[in-house]
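Contents: one structure, followed by commentary.
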Amino acid sequence: MAAEADALHEVAAVRTRSFVLEGREITGKRMDMSRIDEVVHVGDTEIWEVHSSQPIPHSFHIHDVQFRILTVDGSAPPPQLAGPKDTVYLMPNVRYRLLVRFEDYTDPALPYMYHCHMLLHEDEGMMGQFVVIEPGQEDQVRVVETRSWRFGWCNGLEVSGRRAPEARPTGFPNLRDPPHGSVGS
Ligand SMILES: [Cu+2]
């Protein structure tokens, strides 16, 4: 059956990543457009463990993929959390294990986001970047400078960040400095 062939299976997971949401940080980091936080291989299934480590909820959203919630504090998810998701509401101090498969759309220089979907939190930096690459493209992972920083992080890269990209290696000063270069100006 096609549905069965498409299904996500925990036994297929090749690694586990952990994301802790606290304050306006994810695993101790705020969003930085000059940093790629996670590098994923296309075709891989992974387990992403996420939780809010403080007495308030967060909401974890992953671009590019739909995932399945494997467990909620070790138990099977309730029916309303059993289907395909792209966002999971994180009750305080409850651990969610997500099964995620990265199937396509590789680019070592065009990252996807994961972020808290409480938009104030997101706007204050509760976001990270990942790229999906072909195995062997690790040395091509880099950030791309765009002129769209003024439109905001998320929309900047997703919607309007495609024009006039200028590749540069990771580790440069971050994009809070005004972009330079004359393309389009
Ligand atoms: Cu949040």
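First listed ligand is number 1; within each ligand, the first listed atom is number 1.
Here the N, O or S atom of His121 that is nearest to the Cu ion (ligand 1) is ND1. For His58, the N/O/S atom at the shortest distance from the Cu ion (ligand 1) is named ND1.
Within the 2.8 Å limit, His117 places no N, O or S atom next to the Cu ion (ligand 1).
Ile56 and Val88 are assigned to two separate hydrophobic clusters, defined by single-linkage of ILVMFWY side chains at heavy-atom distances under 4.5 Å.
With His61 contributing its side chain and Asp86 its backbone, the two residues share a donor-acceptor pair below 3.5 Å.
No more than 12 heavy atoms of other residues, nucleotides or ligands sit less than 6.0 Å from atom CZ of Arg95.
Looking at Asp32 and Arg30, no side-chain N of the basic residue comes within less than 4.0 Å of a carboxylate O on the acidic one, giving no salt bridge.
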